[in-house]
Amino acid sequence: QVQLVESGGGLVQAGDSLRLSCAASGRAFSSYAMGWFRQAPGKEREFVASVSWAGGSTLYADSVKGRFTISRDNAKNTVYLQMNSLKPEDTAVYYCAASVTSRVTRRTADFSSWGQGTQVTVSS
């Protein structure tokens with residue numbers, strides 16, 4: 001089992017940047033892929049980005065490609081999501097998740113542990 005705690009959310013203006021962090025504890029952090037998902041009010045949770053166990057491979061949703069960057073620091077048991085050029089449509093609760101596989105994936109079913117979420121609000 002993995003425990004995940006997100007931080008770094010907040011209220012920003014369109015065009016601003018934010019960096020989310022997710023601290024993991026429990027199962028060996030460097031053995032599994034990590035991902036970020038988001039859920040806007042009235043919408044289903046959607047995939048944002050994932051990173052492989054060593055950080056060498058990444059995968060992004062088309063809606064964030066070129067603006068968001070996922071990375072990880074296995075020495076700190078932490079995964080990050082750098083969000084640039086934020087848009088109002090990026091407003092959502094952002095969740096960190098730990099995968100059951102070491103490779104990148106966008107499938108919700110491949111993620112077995114979830115954080116509590118952090119709110120990101122982008123004003124126009």
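We use all heavy atoms of the structure for the numbers below, so side chains are in, but hydrogens, waters and symmetry mates are not.
- Evaluation of the ring pair (Phe, Tyr, Trp, His ring centres under 6.0 Å) test over residues 13-42, restricted to residues two or more places apart or in two chains, returns Phe29-Tyr32, Phe37-Phe47, Phe37-Phe111, Phe37-Trp114.
- Residue pairs that meet the disulfide bond (SG atoms under 2.5 Å apart) test with at least one member in residues 78-122, sequence neighbours left out, are Cys22-Cys96.
- Smallest separation of non-hydrogen atoms from Ala92 and Ala40: CB-N, 3.8 Å.
- Applying the side chain to side chain donor-acceptor pair (under 3.5 Å) criterion to Arg67, with sequence neighbours excluded, gives Asp90.
- In this structure a side-chain-to-backbone donor-acceptor pair under 3.5 Å is present from Ser52 to Ser57.
- Minimum heavy-atom separation, Ala98 to Leu4: N-CD1, 3.7 Å.
- No side-chain heavy atom of Gln82 sits under 4.5 Å from any side-chain heavy atom of Ser71.
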Next on the checklist: Run the side chain to side chain contact (heavy atoms under 4.5 Å, CB included) test on Thr118 and Leu20 for me, step by step, so that the C-alpha distance in whole Å, both residues' side-chain angles and the decisive distance to 0.1 Å come before the verdict.
Outcome noted: CA-CA 8 Å; Thr118 186; Leu20 305 183; 4.0 Å; yes
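- Under the 3.5 Å distance criterion, with hydrogens and angles disregarded, no donor-acceptor pair is assigned to the side chains of Thr91 and Glu89.
- For residues 64-93, the set of pairs meeting the ring pair (Phe, Tyr, Trp, His ring centres under 6.0 Å) definition, not counting sequence neighbours, is empty.
- Considering only residues two or more places apart in sequence or on other chains, Lys65 meets the salt bridge (charged side-chain N to carboxylate O under 4.0 Å, His left out) condition with Asp62.
- Linking Ile, Leu, Val, Met, Phe, Trp and Tyr whenever their side-chain heavy atoms come within less than 4.5 Å leaves Val104 and Val48 in two separate clusters.
- Between Leu81 and Met83 there is a side-chain heavy-atom pair separated by less than 4.5 Å.
- Expressed to the nearest 0.5 Å, how far OG of Ser63 lies from CD of Glu46 amounts to 5.5 Å.
- Atom CG of Asp73 sits about 11.5 Å away from atom OG of Ser30, to the nearest 0.5 Å.
- You'll find the side chain of Thr121 stays beyond 4.5 Å of the side chain of Val12, heavy atoms only.
- Side-chain contact between Tyr95 and Arg38 is absent, with no heavy-atom pair separated by less than 4.5 Å.
- Under the rule for a salt bridge (charged side-chain N to carboxylate O under 4.0 Å, His left out), the partners of Asp110 that lie at least two apart in sequence or sit in another chain are Arg107.
- Counting all heavy atoms, side chain and backbone alike, Lys87 lies closest to Val122 at O-CB, 3.3 Å.
- For the pair Arg106 and Ser50, the minimum side-chain heavy-atom distance is 4.5 Å or more.
- Atom CE of residue Met34 and atom OG1 of residue Thr78 lie 9.0 Å apart, to the nearest 0.5 angstrom.
- Residues Ile70 and Val79 meet the side-chain proximity criterion, which asks for heavy atoms closer than 4.5 Å.
- Put simply, the side chain of Thr101 never gets that close to the backbone of Ser99: no donor and acceptor are under 3.5 Å apart.
- Here the shortest heavy-atom pairing between Ser17 and Asn84 reads OG-OD1, 2.9 Å.
- Ser25 OG to Gln1 CD: the interatomic distance, rounded to the nearest 0.5 Å, is 10.0 Å.
- In this structure, Thr105 and Leu59 have side chains that are not in contact, with every pair of non-hydrogen atoms separated by 4.5 Å or more.
- The CZ atom of Arg19 sits 11.5 Å away from the OG1 atom of Thr69 when rounded to the nearest 0.5 Å.
- Looking at Glu6 and Gln116, their side chains come closer than 4.5 Å, going by heavy atoms from C-beta outward.
- The line from CG of Leu86 to OG of Ser123 is 10.5 Å long, rounded to the nearest 0.5 Å.
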